[in-house]
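Working notes, beginning with the structure itself.
Residue numbers start from 1 in every chain, and the chains themselves are labelled A, B, ... in the order their sequence lines are given, proteins ahead of strands.
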Amino acid sequence: MGKKTIVPIGPYHPLLEEPEFFKLYCDGETVVDMEWETGYNHRGIEKICESKTFEQVFYVVERICGICSTSHPFAYANAVESIGAVEIPVRAKLIRSIIGELERVHSHLLWVGLAGHFLGYNTVFMWAWKYREPVLDMFEIITGNRNSYAMFTIGGVRRDIDENKASQLIKVLEDVKIKTDLLVGAVMDDPVIHARLKGVGTLTAKDIHDFGAVGPTARASGVDIDVRRDDPYAAYDMVNWKVITVKEGDVFAKAEVRLLELYESISIINQCLQLLKKEKEGDIKAKVREIPAGIGIGHAEAPRGEVFHFVKSDGGNSPVRHKIRAPSYNCITTFRRSCIGGTISDAAIATAAVDPCYCCTERMIQVYDHNSGKRTMSAAELIKLSQQKTEELNKQFSAKDRS
Amino acid sequence: MNEKDNLMSIENYISDLKIRFPQITNVEVINVKRLMVHIPTSVLAQITGYWFNELNYRYIIVSAMDSKDGFELIYHYSDDSSGWIMSLNVMLAHNEPTVESMTPIVYGIEWIEREIMDILGIQFLNHPKPERFLLPENWPEGNYPYRRKIRKEDR
Amino acid sequence: MGIKENCFKKSLWVFHLSAGSCNNCDIEILDLLTPRYDVERFGMKLVGSIRHADVLLVTGIVTKKTKARVLEVYEQAPKPIIVIAVGTCPCTGGIFTSGYNFAGPLDKVIPVDAYIPGCPPKPEAMLAGIVKLLSQPPKSGNPRTTSEAQP
Ligand code: SF4
């Protein structure tokens, strides 16, 4: 096999219930093939759900992914409520949407920070995470916890958002908006970021279709899908907003989609809060006696794409079968197209573009020499490689400026 | 499109589908905007190709379960232009759980087929990489966590 | 003063291992590094390799597949090392105890010095846990590390 080198990435790659272990086969600097191994984080959640009651399942699915801890309950609620044909109160719908969008804000900010870190812009990392804190505080005020909110229940939500909390939320969002302007400016106007991210890890619309990729990954390749619009649930058909799509399909496009989606989310929350004011009276939870036998299919748009839940009930207390698909399950497979042919230093950012979490990736990336099997490069070094490339570009640009 | 048109067009759609594939055993609308098509395994590849390539449906996932009459595989696709989720339901016998792999048609299906192999022990013919996926390496052969332990006929 | 107290007096370097978490805990750990909590001012730092670390933070349940890796990481760690279980998952297994891929609470796999429960524990709780641990080093709690630590 000549001088091929294997670069394992993983085993931990969260944001999936099953983190996976990638091996990049490299020829010199270029990635020529990719292989994966998964199952490290397989906790058997689907099976656990089958032993819990319909109400309890909410708290299990919440713990599939810490960052999407509303998206899974959201999709599950949609599925179960469709079996029982439960009509949920308007107020509950609005609150659900608010929580869902707030989560998108915090998740996208988190991603921007991580992407910044991968590129060697640690300031962006610190900034983005700092601006994320007020959002988490808001979660704590509304739901009682910073993550894992336990907000949803069959037929509605468990906690109300009153006037006082609403006005606090509006203030926080104003602030986040200003900070988003700042981040957008920092990303869009920086020639180095343009040079570093454009044309890297490109996915075409056909790739997206082949793998069934969803969410910002798909929308950045010009595939105009969004469950919130295509199959509206909760309050998304009561408010005005638009789906952001970009044509290019490279990492830059993915960043652009996420940043612009922040504005949309903020506007959705504001509109929902307005509607909530009008809808003063009213329950936040419908009474549900039992879930009849039947099949429920529910999906919801998580920050990373469509979350899909399939629930089968036999009229008893707990689901007979519960199938869960997280968005990353489909998006991760696209790495095969986005990384191959690129350089190793781009692999880190191309994989990060789909939105995996860096803390785990970083820890376990190691480069193995194919022949001797000896470790030749560590995780931190791989990211350093990525950061060095940015630095070099930086130097080139400043040299150009001077001349 | 309002509710009524929607119903009309789905009825047209169903009859059209039945004409195209007379082997279809049953079509039911299980919920609002959710369609379930029951088919024998012989037409699985054809309908998958029709949906995925011609109608451009988006592949979502495959749900598998161990039910009373056999192993049920449910292939979910989404028609994003209308928001309908279309599902193909095939039933495999308990004593011979094999089915053709759909990976040659839909790339993305590779992982979930391997996962189903792990958890239910269903064989996918012509799968490009029929290896263990989720369970640990030392997991005992022939122990499939999602198979029901007690079945009626075993009692 | 024992060698352990001496070793862990100053800035601690932390290695973070997620055994099978929902990554909420992992994110809260990262949160500690960012401006609001900023543990780096105490000299605490996340490091990329266990060989540089004084503290091993474990999050998430130990699954059957990760069990071997957790053991391996523990073997590679320079002793003495402090092991902290962050979150309900490694402490007891929490909601996942009934899962078929669950290999037992962390202290059945490797010796643990401190438990920080919560799902996820707040960053403040993690800080409090570490401070408590450092102000009262365990006398005998960790048999393997203490015996190896004795010169
Ligand atoms: S303790 Fe809770 S938050 Fe932490 S990894 Fe486990 S489930 Fe996730």
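The two residues C:T34 and A:M126 make their nearest non-hydrogen contact at CA-SD, 3.9 Å. For the pair A:S148 and C:N24, the tightest heavy-atom approach, listed with the atom from each and the gap, is OG-ND2, 2.9 Å. Taking each heavy atom of C:I95 and A:I48 in turn, the nearest pair found is O-CG2, 4.0 Å.
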Step-by-step side-chain contact (heavy atoms from CB on, under 4.5 Å) determination, C:L33 to A:W129:
CA-CA 10 Å; C:L33 298 179; A:W129 282 57; over 6 Å; no
Before giving the answer on side-chain contact (heavy atoms from CB on, under 4.5 Å), spell out for C:S98 and A:K47 the whole-Å C-alpha distance, their side-chain angles and the decisive distance to 0.1 Å.
CA-CA 9 Å; C:S98 59; A:K47 192 80 185 171; over 6 Å; no
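Contacts of A:E62 with chain C are absent, with no heavy-atom separation under 4.5 Å from either backbone or side chain. Heavy atoms closer than 4.5 Å to chain C are found in the side chain of A:R146, but not in its backbone. Proximity to chain A is absent for every atom of C:F102, based on heavy atoms less than 4.5 angstrom apart. Interface remark: C:C25 contributes no atoms to any contact with chain A (heavy atom separation under 4.5 Å). The parts of C:D31 that come within reach of chain A are both its backbone and its side chain, each placing non-hydrogen atoms under 4.5 angstrom from that chain.
With rounding to the nearest 0.5 Å, the separation of CD in A:E133 from OH in C:Y37 is 5.0 Å. Taking CG of C:D38 as the start and NZ of A:K130 as the end, the distance is 11.0 Å to the nearest 0.5 Å.
Atom CG of A:D137 has more than 12 neighbouring heavy atoms from other residues, nucleotides or ligands inside a 6.0 Å radius. Open room surrounds NZ on C:K67; 12 or fewer heavy atoms of other groups in view lie less than 6.0 Å from it.
Between chain C and the options A:L136, A:N145, A:N147, the largest number of non-hydrogen pairs under 4.5 Å is found for A:N147.
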